[in-house]
> 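Please read through the structure below; I'll follow up with questions.
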Amino acid sequence: MVRNKKRDRISNLPDLLVSDILSFLTTKEAVATSILSSRWKTLWTLVPNLDLDEDEFEWILSDEKQNRKKKKRVCRSGFTFVQIVSKIWALRNAYPLQKFYLNWLYDCDPIHVDKWVSTAITSVLEELTLNICPHLPFDIPSTLFNYCKTLVDLRLHGNIIVDPPPSSLGFPSLKILHLLGVQYANHDSFSRFLTCCPILEYLCLEVIEMDEECNFMITLPTLKRLDLNMQDFLYKLEINAPALEYLEFVGFLHKVVLLENLSNLVKAVLFVSYDSEVGDTEDYGNRVMDFIRALYNVKSLHLGSFTTEDKGHLHSTSEQESLKWNFYEKVPKCLSSHLTAFQFKGFKGLKDELELIGHILQLARVLKTMTLSSDPSIEKEKIRVLKELVMFPRHSSTCQITFN
């Protein structure tokens, strides 16, 4: 009787095909395959992806007796993150990368970051992600702006300075850009950055703790999605995006916010925050109203509870009535002929919230769905709120209300 021997089909595949399979693994996992056999020892070096993630390792503090001046964080094998990454670079033999990912927060050194990023920048690089927290700000190498014509996805997060050189050749292929918590060399650095991205489709921007006012001019004819997280007041915002389909805004509204040419907007999600530092609360409330009015063509509107409670921070009755007139008379008229879906997250069943819901139901002619996601505090009041919602007249005979 002849027994069927199990054949190692994967090991018989061509090197390039094996490297494609290994590209679906993390770099740590891919390197681990080198112990399988002599043939597998160097196959991982052919993988065009490199993700260097400190979270992939289990870290411990080194023995204090050996490091009296400062304890070092090392993995179980005794190597630091810098030593591990340096070894990986040395073994790769400078094969060009298509994807490079670096996550390094603990004891991050900008000198090593600069060396690794500069090495990763090649004429075939398509994706670059940096999530770093160096003790000194990291300046992006100027070569990134001049030699990455194939770059499609760029994500920068952490203590990074954005300052495109005047002679930048730009990113002719870039479609996805994330700038999260980065710093800007001057007030126009962001706007100059966007001029380097002629076909950008998705922009995710987070602004926190800026030292000086910065201009965020987002004038992009190709932009389809825009996520904004503005956790500072020191900014000027201008959006002109005729192809924009999705807009999400979280944070504080500065005095200078200009929205133009949003004729293709399908969905908007707003979580406008309030802070006592805004000064004139009526003026701030009107900013919120102006922001919503600019979304005249939106078909799905999602409002966070703070967005609708801005008028509740006003103190005098006359200010409240003035703001209610602005919201109830102007905003719904702009949305009545386009709004098909409305979502309210954090709904508490308060009087002002019910007035808002009732007014939208009265004026929204083509509204199909209204979803109210309740706050836990409303649990005992659900029956009362439901009864009031059922009694509200609706302009749209097909509108369905979901309360959960």
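Here, residue 1 is the first one in the sequence, and each next residue gets the next number. Side-chain atoms are counted along with the backbone in the values below, which use heavy atoms only and exclude waters and symmetry mates.
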> Kindly compute the distance separating CG (L130) from CG (L156), expressed to the nearest 0.5 Å.
5.5 Å
> Within a reach of under 6.0 Å around CG of L258, are more than 12 heavy atoms found that belong to other residues, nucleotides or ligands?
yes
> Parallel, tilted or perpendicular, judged at 30° and 60°: which one describes the rings of F193 and F145?
perpendicular
> So, for I208 and D232, which heavy atoms are closest and what is the spacing to 0.1 Å?
C-OD2, 4.2 Å
> Do T398 and V366 pass the side-chain contact (heavy atoms from CB on, under 4.5 Å) test, and can you show the C-alpha distance, the side-chain angles, and the key distance before you say yes or no?
CA-CA 8 Å; T398 61; V366 295; over 6 Å; no
> Evaluate the side-chain proximity of Q183 to P137: yes if any heavy-atom separation is below 4.5 Å, no if none is.
yes
> Over 60° means perpendicular and under 30° means parallel, so classify the ring planes of H302 and F271, tilted if in between.
tilted
> Do E54 and N103 have a side chain donor and acceptor closer than 3.5 Å?
no
> Find out whether L389 and L354 are in side-chain contact, i.e. whether some heavy atom of one side chain is under 4.5 Å from a heavy atom of the other.
yes
> Give a yes or no answer on whether the side chain of K224 reaches the backbone of L244 with a donor-acceptor pair at less than 3.5 Å.
no
> Taking all non-hydrogen atoms of both residues, which atom of L174 and which atom of C197 are closest, and how far apart?
CD2-SG, 3.7 Å
> I'd like to know if the side chain of E388 reaches the main chain of V385, judged simply by a donor and an acceptor atom lying under 3.5 Å from each other, with no hydrogens or angles considered.
no
> Spell out, as yes or no, whether a donor-acceptor pair under 3.5 Å connects the side chain of R394 to the backbone of C399.
yes
> Once you round to the nearest 0.5 Å, how far does CD of E260 lie from CD1 of I218?
13.0 Å
> Output yes when a side-chain donor or acceptor of T27 lies under 3.5 Å from a complementary backbone atom of D51, and no otherwise.
yes
> Do L52 and F81 have side chains that get closer than 4.5 Å, going by heavy atoms?
yes
> Taking all heavy atoms of T122 and all of C148, pick out the closest pair and write down the distance.
O-SG, 4.3 Å
> Inspect the surroundings of OH in Y147 and state if more than 12 heavy atoms from other residues, nucleotides or ligands are less than 6.0 Å away.
no
> Donor-acceptor pair, distance only, cut-off 3.5 Å: does the side chain of T150 make one with the backbone of S123?
yes
> May I ask you to say whether R192 pairs ionically with D163, meaning some side-chain N is under 4.0 Å from a carboxylate O?
yes
> Which atom pair, heavy atoms only, marks the closest approach of S396 to R365?
CB-O, 3.5 Å
> Looking at every heavy atom in both V124 and P96, which two are closest together, and how far apart are they?
CG2-CB, 3.7 Å
> Are S263 and N297 close enough that a side-chain donor and a side-chain acceptor fall under 3.5 Å?
no
> Does the side-chain contact (heavy atoms from CB on, under 4.5 Å) test come out yes or no for F24 and N49, once each step is laid out?
CA-CA 9 Å; F24 291 96; N49 308 339; over 6 Å; no
> To the nearest 0.5 Å, tell me how far S300 OG sits from Q343 CD.
7.0 Å
> Evaluate T143 against N146 for side-chain hydrogen bond (donor to acceptor under 3.5 Å, both in side chains), listing each step before the verdict.
CA-CA 5 Å; T143 51; N146 292 320; over 6 Å; no
> Can N240 and E238 be counted as having a side-chain donor-acceptor contact under 3.5 angstrom?
no
> Does this structure show an ion pair linking K236 with E213, if we count only N-O contacts that are shorter than 4.0 Å?
yes
> Do other residues, nucleotides or ligands put more than 12 heavy atoms under 6.0 Å from K87 NZ?
no
> Is there a side-chain contact (heavy atoms from CB on, under 4.5 Å) between D53 and T26 once you walk through the steps?
CA-CA 9 Å; D53 189 348; T26 67; over 6 Å; no
> Under a 3.5 Å distance rule, please check whether T119 uses its side chain to pair with a backbone N or O of K115 as donor and acceptor.
yes
> Apply side-chain contact (heavy atoms from CB on, under 4.5 Å) to residues Y246 and L265 and explain how you reach the verdict.
CA-CA 6 Å; Y246 179 95; L265 194 62; 5.7 Å; no
> Measure the shortest side-chain to side-chain distance between F344 and E353 over non-hydrogen atoms and say whether it is less than 4.5 angstrom.
yes
> Tell me whether the rings of H178 and Y202 are parallel (<30°), tilted (30 to 60°) or perpendicular (>60°).
perpendicular
> I161 versus I140: any side-chain heavy-atom pair under 4.5 Å?
no
> So do F138 and V117 actually touch side chain to side chain, heavy atoms under 4.5 Å?
yes
> Quick one: CG on L136 to CG on N159, what's the gap to the nearest 0.5 Å?
8.0 Å
> Please give me the minimum heavy-atom distance between S173 and K149, naming the atom from each residue.
OG-O, 2.7 Å
> Got a donor-acceptor contact below 3.5 angstrom from the T371 side chain to the T402 backbone?
no
> If only side-chain N and O atoms count, and only distance matters, is there a donor-acceptor pair under 3.5 Å linking D188 with S191?
no
> Using 30° and 60° as the class boundaries, would you call the ring planes of F403 and F347 parallel, tilted or perpendicular?
perpendicular
> So how far is it from T80 OG1 to Y106 OH, rounded to the nearest 0.5 Å?
11.5 Å
> Could you walk me through whether Y235 and N215 pass side-chain hydrogen bond (donor to acceptor under 3.5 Å, both in side chains), step by step?
CA-CA 6 Å; Y235 71 86; N215 296 328; over 6 Å; no
> I want to check something: taking the side chain as every heavy atom from C-beta on, are N131 and L105 in contact at a cut-off of under 4.5 Å?
yes
> Hey, are the side chains of L237 and L228 touching, using non-hydrogen atoms and a 4.5 Å cut-off?
yes
> Measure the CG-NZ distance between L247 and K267 for me, rounded to the nearest 0.5 Å.
11.5 Å
